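Report on one structure; see the data block that follows.
We count ligands from 1, going down the list as the structure has it; atoms in each ligand are counted the same way. Residue numbers start at 1 and run along the sequence shown. Please read all numbers here as calculations on a predicted model, not as lab measurements.
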Amino acid sequence: MAAEIESIMSKSVQELAIDGEESLEKYIQKGTDSGKCNTSVSLIEVPIVDIGLLKSPLTRTEELHKLRSALSSWGCFQVINHGMTSSFLEEMRQVAKQFFSLPMEEKQKYSRKTGSMEGYGNDMVLLEHQILDWTDRLYLTLNPEDQRQLRFWPENPQTFREMLDEFAKKSQQINEILLKEMAGSLGLDERPRVTARFNYYPPCPMPDKILGLKPHADGSALTILLQDKEVEGLQFLKDNQWFRVPIIPEALLVNVGDQAEIMSNGIFESPVHRVVTNTERERMSVTVFCTPDSEKEIKPADGLIDETRPRLYKTVKDYVSFYFEYYQQGKRTIEAAII
Ligand SMILES: O=C(O)CCC(=O)C(=O)O
Ligand SMILES: [Fe+2]
């Protein structure tokens, strides 16, 4: 990964939002459309996949068909009946919210170090003229368990750690079920690296110039997202047009990441998405990235290459290590893997 060029002592977005005095120049998008969360952007019709129906022989075929077509059209879908109850999801949202509401000194006990992702902090600055995202984060490794760095796991609110532990277990189960259904043949990892990113987007004074997250596709194999229950913001790009993702409080949004696109030889698409801001309300989300082990070589599965569908991607390793440099330049990392 490229070295971080700025110390992380700069203010959190949360402080900037309260301050109102400071220049927001570094956050302003220079391109044309930084997007708005308004209703002129169409809602995406994301398929809803019911994991319960996937498990039952009577309904399985139809559900599987839905899943596969979602993977190759939008690259994302919502899952329900996923093993986390609505009250569990709500509690998860609450502990996340409580953490970001703590006084700054308390949150800073979990601050990430310059040049490292793990912990609490704002956007990593890897480039001189980087445009910053309007978001503060708490980034934690969940699995393998022996790689957890517990010193970054908040002890306040009190239930944070046990909630996250449960959330990790359940997310891992969902990941396993979906990967198996998607891609028995892809050889996706049995022991993936799972990380969580808690995202906090404060209200923003310039929503038509500033993005919560700039356009990107995920560097994972699969991403599972717990959205805010009330505040929209996530948008997906399809055919050069942005679409809003509807909120379904009891559902989790799942999207394909670049590494599954590579392994499926492009049959599954890793969709570009972004988060827009608004002036009125804070927004929270929790992202779980399921990523193959960094030692593993990632390449298109042999069974998915033939004369009509030639191999589209090179073999890559430790994809995440070069992901962020591309991300911060607003480039798609997967371009580095295209033959
Ligand atoms: O906050 C969201 O809804 C999306 C987050 C996201 O895209 C990410 O963490 O990669
Ligand atoms: Fe993302």
Does any pair with a residue in residues 48-74 pass ring pair (Phe, Tyr, Trp, His ring centres under 6.0 Å), and if so which ones, sequence neighbours excluded?
-> Trp74-Phe243
For atom CD of Glu15, decide whether the heavy atoms of other residues, nucleotides or ligands shown that lie under 6.0 angstrom number more than 12.
-> yes
Check whether more than 12 heavy atoms from other residues, nucleotides or ligands sit under 6.0 Å from atom CD of Glu62, and answer yes or no.
-> no
Residues two or more places apart in sequence or in another chain: which of them pass side chain to side chain contact (heavy atoms under 4.5 Å, CB included) with Asp306?
->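 With neighbours one apart ignored, the set is Thr308, Arg309.
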Any sub-3.5 Å donor-acceptor pair from Asp318's side-chain atoms to Ser294's backbone N or O?
->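 A pair under 3.5 Å: no.
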Should the pair Arg60-Glu181 be classified as a salt bridge under the 4.0 Å nitrogen-to-oxygen rule?
->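 Between Glu181 and Arg60 there is a salt bridge, with a charged N closer than 4.0 Å to a carboxylate O.
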Any idea which heavy atoms bring Pro246 and Gln227 closest together, and the distance?
->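 That would be O-NE2, 3.3 Å.
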Aromatic Phe88 / basic Lys170 pairing, under 6.0 angstrom, 45° off normal = yes
Can you tell which of Tyr139, Phe152, Phe99 makes a ring-ring contact (aromatic ring centres under 6.0 Å, His included) with Tyr120?
->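 Option passing the ring-ring contact (aromatic ring centres under 6.0 Å, His included) with Tyr120: Phe99.
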The Fe ion (ligand 2): protein N, O or S atoms [distance under 2.8 Å] =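 Those protein N, O or S atoms (cut-off: under 2.8 Å from the Fe ion (ligand 2)) are His216 NE2, Asp218 OD1, His273 NE2.
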Under a strict 4.0 Å criterion on non-hydrogen atoms, which protein residues are in contact with ligand 1?
-> Arg197, Asn199, Tyr201, Leu213, His216, Asp218, Leu225, Leu234, His273, Val275, Arg283, Ser285, Thr287, Phe289
